[in-house]
2 protein chains.
Amino acid sequence: MGRPKRIDRAQVLAEALAIADEKGLDAVTMASLAERLGVTPMALYRHVANKADLLDGVVELLLTEFPPPPSELPWPERLSALAANLRTSARRHPSVFPLLLQRPATTVEARRTREAVYVALLEAGVPEDRTGQVERLVSTAILGFVVSEVAGRFRHHTRRQLDADFDVLQALLAAFIQSQGAGQAP
Amino acid sequence: MGRPKRIDRAQVLAEALAIADEKGLDAVTMASLAERLGVTPMALYRHVANKADLLDGVVELLLTEFPPPPSELPWPERLSALAANLRTSARRHPSVFPLLLQRPATTVEARRTREAVYVALLEAGVPEDRTGQVERLVSTAILGFVVSEVAGRFRHHTRRQLDADFDVLQALLAAFIQSQGAGQAP
DNA sequence: ACCTGAACACCGTTCAAGT
DNA sequence: ACCTGAACACCGTTCAAGT
């Protein structure tokens, strides 16, 4: 106690995410963030380049929440687990999650998740030169649904209805993957 | 010339959209918008309740850009036209378009587009009690792709590749609709 | 009815100064 | 190396006042 207040980047990002989750993205202010850390706003600039860099860092946190699903699972269940994790993360961080649509998945963590999808697709029989496109379409459909859900586009629908929609979406995507794995479908 | 500067809501919204298109969403400021209209910032508050209301109005403009496709077309081409229009609108207004994910499609214009999709689905043989869900999934997949594209998630991909992806996505959705029209698919 | 002038609390960011 | 104090230009929004 009484020790010098030292902060590091990880702390800054984690606290920013906490504020966003509690009070929304607009409440994440250099001033409010500094206050929660017990520091002046200017101290933050030693750990983040500016506010955009701060938000970039916060978005990256979302991708580290879940470990990749166990590789013993058959591929359809592995993809389902991935989708469920993504949806859980979105519901936990509704104001930050939509920012994922603005960022190419180039971080180490994002790459790892994408690699997991590639492996699943190869197991499903998708030819290697098509895994990129199939991954993009499948991930985009899931992401689009989940972002719509937490961003408010489905605000007039019941949770029950959205759960059913999500199940059908996954079935549709699984059928698509199957068709890509069984030679060219018509 | 020399006439009193009178502005109305439509002018305010149109000018705000123009600024967003030219310089990005952050450049849409009550001050910058007022300046372009030749008026003080406070004059805007007679026409929009606040900045959130301003942006809501701007987003609505996006839905009025295209007339519904001609009903003489067969349903697959009508849906393709709808998707192509959406993508054109997104490319034209890349900084505003992503906000569509935050709004339930409840405006008159949004309803009209959705109705056009319902009609197409019914023609495809989708049972009436399933058109809601199918419309939601199809629209969400298209919207997710198009928003990803203009928001930057695909920034490392070529236009050629994205065009190919979009075609495959539409084929996949058309196959899904067919399967829903032909009784329950496995 | 519509617009203006002046003012408010707040925002991100800088710079030079402290330890 | 890390944090602070003071300052800057800018932001959305209010209120009372003008025509």
Side-chain angles (χ1 to χ4, degrees), chain A residues 1-61 93 95-96 98-99 102-103 151-152, chain B residues 1-61 93 95-96 98-99 102-103 151-152:
Chain A
M1 48 212 81
R3 71 214 182 297
K5 302 160 211 151
R6 286 287 192 80
I7 57 177
D8 61 19
R9 183 171 229 262
Q11 257 180 82
V12 171
L13 300 181
E15 204 65 40
L17 179 58
I19 297 174
D21 292 344
E22 292 167 25
K23 311 185 187 174
L25 201 58
D26 287 350
V28 180
T29 276
M30 299 307 265
S32 69
L33 176 54
E35 193 186 12
R36 293 256 296 224
L37 292 164
V39 110
T40 61
M42 299 70 79
L44 301 175
Y45 287 88
R46 192 134 311 255
H47 307 284
V48 298
N50 49 41
K51 191 168 181 190
D53 179 51
L54 168 69
L55 293 181
D56 275 2
V58 171
V59 173
E60 279 175 32
L61 287 184
H93 312 291
S95 67
V96 172
L99 298 180
Q102 303 179 13
R103 330 195 70 246
Chain B
M1 48 213 78
R3 69 214 183 297
K5 305 161 211 148
R6 287 287 192 80
I7 58 177
D8 61 19
R9 183 171 230 260
Q11 257 181 83
V12 171
L13 300 182
E15 205 63 41
L17 178 58
I19 297 174
D21 291 345
E22 291 167 25
K23 313 186 186 173
L25 200 59
D26 287 350
V28 180
T29 276
M30 299 308 263
S32 68
L33 176 54
E35 192 185 13
R36 293 256 297 225
L37 291 164
V39 111
T40 61
M42 299 71 78
L44 301 174
Y45 287 88
R46 191 134 311 255
H47 307 283
V48 297
N50 50 40
K51 191 167 181 188
D53 179 50
L54 169 69
L55 293 181
D56 275 2
V58 172
V59 173
E60 279 176 32
L61 286 183
H93 312 291
S95 67
V96 173
L99 299 180
Q102 304 178 12
R103 333 195 67 248

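Numbered from 1 within each chain, the chains take letters A, B, ... in sequence-line order.
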* Asked: Shortest non-hydrogen contact from A:Ala16 to A:Val28?
  ->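 Taking A:Ala16 first and A:Val28 second, the nearest heavy atoms are O-CG2, 3.6 Å.
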* Asked: Which heavy-atom pair separates B:Leu13 from B:Leu54 by the least distance, and what is that distance?
  ->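 Taking every non-hydrogen atom into account, CD2-O, 3.7 Å.
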* With respect to the phosphate group of C:dC2, does any side-chain polar atom (N or O) of B:His47 fall under 4.0 Å of OP1 or OP2? ->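 No, outside the criterion.
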* Are OP1 or OP2 of C:dC11 and a side-chain N or O of A:Thr29 less than 4.0 angstrom apart? ->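 So the side chain of A:Thr29 is within the cut-off, an N or O lying under 4.0 Å from OP1 or OP2 of C:dC11.
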* D:dA1 pairs with, by Watson-Crick or G-U criteria that keep both distances under 3.5 Å ->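 The base-pairing partner of D:dA1, which may sit in any strand shown, is C:dT19.
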* Asked: Partner of D:dA7 by Watson-Crick or G-U wobble geometry, both contacts under 3.5 Å, or none?
  ->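 Its partner is C:dT13.
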* Asked: Yes or no on side chain to side chain contact (heavy atoms under 4.5 Å, CB included) for A:Ile19 and A:Glu35, after CA distance, side-chain angles and deciding distance?
  -> CA-CA 11 Å; A:Ile19 297 174; A:Glu35 193 186 12; over 6 Å; no
Given [options], the nucleotide with the shortest approach to the side chain of [X]:
X       : options               : answer
B:Ala43 : D:dC2, C:dC3, C:dT13  : C:dC3
B:Arg46 : D:dT13, C:dC2, C:dT14 : C:dC2
A:Tyr45 : C:dG12, C:dT4, C:dC15 : C:dG12
B:Ala31 : D:dC11, C:dT13, D:dT4 : D:dC11
A:Lys51 : C:dT13, C:dC3, D:dT13 : C:dT13

Spacing of [X] atom [atom1] relative to [N] atom [atom2], expressed in whole Å:
X       : N      : atom1 : atom2 : answer
A:Arg9  : D:dC2  : CZ    : P     : 14 Å
B:Asn50 : D:dC11 : CG    : C1'   : 14 Å
B:Leu44 : D:dT14 : CG    : P     : 13 Å
B:Met42 : C:dA7  : CE    : P     : 12 Å
B:Leu25 : D:dC11 : CG    : P     : 13 Å
A:Arg6  : C:dT19 : CZ    : P     : 16 Å
A:Asp26 : D:dC11 : CG    : C1'   : 13 Å
A:Met30 : C:dA9  : CE    : P     : 23 Å

* **A:Leu99 side chain near A:Leu25 side chain, heavy-atom distance below 4.5 Å** =>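 They are in contact (side-chain heavy atoms under 4.5 Å apart), so the answer is yes.
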* Asked: Is there a donor-acceptor pair closer than 3.5 Å between any side-chain N or O of A:His47 and the backbone N or O of A:Val12?
  ->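 Looks like no, no N/O pair under 3.5 Å.
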